[in-house]
Amino acid sequence: MPRFQSILSRIVILHIVAVVITSILMSVGLSWLLSYATNNIHNKAMQEQANAVAERLSVDADGRLQLNLSSDLLGLYSPEYGRYSFAVIDAHGAVLFSSAKDHTALFPADTRRGEVEFLQQRRDSATVSGASVRKTIGNQTVWVQAGEDLTNRDVLTDDIVADFYKDVGWITLPILLVLLITDIAIFRRALRPLREASEIAAEIGPTRPGLRLPTKEIPREVRPLVSAVNLGLDRMEEGFKIQREFTADAAHELRTPLSILRTRIDVLEDTEIRQALRHNVEGMAHIVGQLLDFAELDAVAIDPTEKADLQSVAAEVAEFVAPLALAQGKDVALSGATAPVWVRGSAEMLSRAIRNLAENAINHTAPGSTVEFVVEDSGKVSVLDQGPGIAEHERELIFRRFWRRDRRKAGSTGLGLSIVQRIAELHSATITVENRRPNGACFSLKFAPLK
Ligand SMILES: Nc1ncnc2c1ncn2[C@@H]1O[C@H](COP(=O)(O)OP(=O)(O)OP(=O)(O)O)[C@@H](O)[C@H]1O
Ligand SMILES: [Mg+2]
């Protein structure tokens, strides 16, 4: 599995690498700048010391150079102190004056060309760094060299440079960490619309094919992906529609041959065969009808101004299915509200839903028992039977398309409750399934009552 799959973790890792590199570069760069600055100060100080020594040079009556150091300067260049040293050399490199015991020049490498030159020289265990300045005294040109023993140098500046690494590290690290945290926060914020889009995407499915991902707040870099997904969903929806239409068309096309078949059967002479075939054709017609209903419901939309009287719809259905029940030695009863119960929705669809529940109840109720219709003023209609009821583990299965407990049963498609569920969905109604005591099922549809 590839590591760091999340953009955030990638950014954090790269950011940490960047933070480390930046702190190192910053420390190195800044301490280089600092040591450059301290070197400059040192060079200037050495040049000034050389100037100070040069000021004490004079020409005596014989035309010879004399050096008269003040007591301050003598102390400064004393071998006891050992930190500073000077030398004065002439144009040929001969040493005229020197603070060194062995009377030598500080910088043998002095080219004696420039106005001022900065030099460094190792001497025994010491490193002397300083300046060589050209001076003209009387008619003589001399070079005054002043130097400082770096090993003896005041440790202050060195300390600053050394400490700098630590200090800069301690200062830059928290700053860069704060930056990192800010970046993470910014990034999470930028990703929030994507999370929201994912939540919407999770709801897209066959029951809600019309949902699309929002493109408004999506970062521009990701928008092409979201738009492409939306276009893909458009094409899928179109494909679904074509399939639905095909099912509806197919069911529709089957109706004519079925009715032809029905009339042919009706003229058959053999009563027994006629009865059996009629039964089979009715079963087939039922399946075709359910398929057609189901396919139609997918594309339908509810007119929000439409209203229906639940009480009269239930009464009509009860009346419609009564002969079917009686033929099987079962009874139908209607109770509850007597006045109209108005709900928002289509009477035709409510009737279709209740009819499916009623057919199921009649099919499953025990012979000699009664299927009851109960309408409540609150906008609820229930269909109760005295059959086997619905086992706990079947509560979800029964609403699946084409699911039926007994697959061998003729004339049952397993679409009835899917149709009921879809109609309930279209009306924002809730379906509840309960078992009755001692036996039987109770299916209820609860609609929002019209105020
Ligand atoms: N009142 C009920 N009592 C017991 N079982 C039921 C009841 N209603 C439905 N079922 C079970 O749920 C299954 C699915 O019901 P559904 O109405 O969806 O399909 P169907 O009745 O088999 O076929 P169709 O309604 O399409 O003709 C049924 O086959 C049956 O096994
Ligand atoms: Mg059914």
Side-chain angles (χ1 to χ4, degrees), residues 206-207 244 247-248 250-252 254-255 258 278-298 314 317-318 320-325 327-334 349-374 380-426 429-446:
T207 54
R244 263 199 317 265
T247 316
H252 201 79
L254 280 169
R255 283 182 152 183
L258 267 175
R278 199 180 271 162
H279 184 72
N280 289 345
V281 166
E282 287 320 317
M284 247 162 97
H286 172 73
I287 293 174
V288 169
Q290 292 289 77
L291 277 174
L292 195 57
D293 278 1
F294 189 75
E296 271 173 7
L297 271 177
D298 252 353
V317 174
F320 178 81
V321 296
L324 179 79
Q328 296 180 26
K330 299 165 185 179
D331 234 332
V332 169
L334 176 70
M349 277 197 238
L350 295 191
S351 162
R352 217 186 277 181
I354 300 171
R355 201 170 64 227
N356 268 292
L357 292 179
E359 280 170 3
N360 283 351
I362 292 167
N363 285 338
H364 292 92
T365 204
S369 66
T370 305
V371 168
E372 292 167 67
F373 292 77
V374 183
K380 184 172 169 183
V381 59
S382 308
V383 180
L384 302 90
D385 65 52
Q386 293 173 39
I390 309 291
E392 197 67 52
H393 73 275
E394 291 176 348
R395 293 268 158 101
E396 285 198 3
L397 294 175
I398 53 172
F399 292 103
R400 286 206 192 148
R401 300 168 185 190
F402 300 109
W403 188 90
R404 50 228 134 116
R405 195 180 294 117
D406 181 4
R407 296 202 144 261
R408 285 159 304 174
K409 207 162 151 193
S412 146
T413 50
L415 281 177
L417 288 175
S418 309
I419 292 170
V420 176
Q421 193 179 40
R422 176 74 184 135
I423 292 173
E425 226 171 66
L426 287 170
T430 48
I431 310 177
T432 46
V433 187
E434 276 160 14
N435 279 339
R436 304 174 70 198
R437 284 178 188 280
N439 63 314
C442 170
F443 283 79
S444 303
L445 284 172
K446 172 87 177 73

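Worth knowing before you read on, the calculation uses all heavy atoms, side chains too, and leaves out hydrogens, waters and symmetry mates. One-based numbering, in listed order, for ligands and for the atoms of each.
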Review point. Is the number of heavy atoms from other residues, nucleotides or ligands under 6.0 Å of Lys446 NZ greater than 12?
Key: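 Yes, because the 6.0 Å sphere around NZ of Lys446 holds more than 12 heavy atoms from other groups.
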Practice item. Check the surroundings of atom CZ in Arg405: do more than 12 heavy atoms from other residues, nucleotides or ligands lie under 6.0 Å from it? Key: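 Above 12, so yes.
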Review point. Minimum heavy-atom separation for Thr365 to Thr370, with atom names?
Key: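 What the structure gives for the nearest pair is OG1-O, 4.2 Å.
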Review point. Which atom pair, heavy atoms only, marks the closest approach of Arg355 to Phe320?
Key: CD-CE2, 3.4 Å
**Study point:** Protein N/O/S neighbour count - the Mg ion (ligand 2), strictly under 2.8 Å
**Key:**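 My tally for this metal is 1.
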Check ligand 1 for N or O atoms under 3.5 Å from a protein N or O and list each pair with its distance.
unit_1, atom_1, unit_2, atom_2, d
ligand 1, 1 (N), Asp385, OD2, 2.8
ligand 1, 5 (N), Arg405, NH1, 3.4
ligand 1, 5 (N), Arg405, NH2, 3.2
ligand 1, 8 (N), Asn360, ND2, 3.4
ligand 1, 17 (O), Asn360, OD1, 3.1
ligand 1, 17 (O), Asn360, ND2, 2.8
ligand 1, 17 (O), Leu417, N, 3.3
ligand 1, 18 (O), Gly416, N, 3.4
ligand 1, 18 (O), Leu417, N, 2.8
ligand 1, 19 (O), Gly414, N, 3.4
ligand 1, 21 (O), Asn360, OD1, 2.9
ligand 1, 22 (O), Ser412, OG, 2.6
ligand 1, 23 (O), Thr413, N, 3.2
ligand 1, 23 (O), Gly414, N, 2.8
ligand 1, 25 (O), Gln290, NE2, 3.3
ligand 1, 25 (O), Gly416, N, 3.3
ligand 1, 26 (O), Gln290, NE2, 2.8
ligand 1, 26 (O), Thr413, OG1, 2.3
ligand 1, 26 (O), Gly414, N, 3.3
ligand 1, 26 (O), Leu415, N, 3.0
ligand 1, 26 (O), Gly416, N, 3.0
ligand 1, 27 (O), His286, NE2, 2.5
ligand 1, 31 (O), Arg405, N, 3.1

Point to revise | From Leu384, Val383, Leu357, residue fulfilling side-chain contact (heavy atoms from CB on, under 4.5 Å) relative to Val371 | key: Val383
Check your understanding: Who are the side chain to side chain contact (heavy atoms under 4.5 Å, CB included) partners of Gln421, not counting sequence neighbours?
Key ->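 Side chain to side chain contact (heavy atoms under 4.5 Å, CB included) check on Gln421 returns Phe399, Ile431.
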Output a table of donor-acceptor pairs, distance under 3.5 Å, between side-chain atoms of residues 433-440 and any protein atom two or more places apart or on a different chain; print 'none' if there are none.
unit_1, atom_1, unit_2, atom_2, d
Asn435, OD1, Ile390, N, 2.8
Asn435, ND2, Ile390, O, 2.7
Arg436, NH1, Asp385, O, 2.9
Arg436, NH2, Glu372, OE2, 3.4
Asn439, ND2, Gln386, O, 3.1
Asn439, ND2, Gly387, O, 3.4

**Study point:** Donor-acceptor contact below 3.5 Å, side chain His252 vs main chain Ala248
**Key:** no
Review point. Less than 4.5 Å apart, any side-chain heavy atom of Phe294 and any of Thr413?
Key: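 No; the side chains remain at least 4.5 Å from each other.
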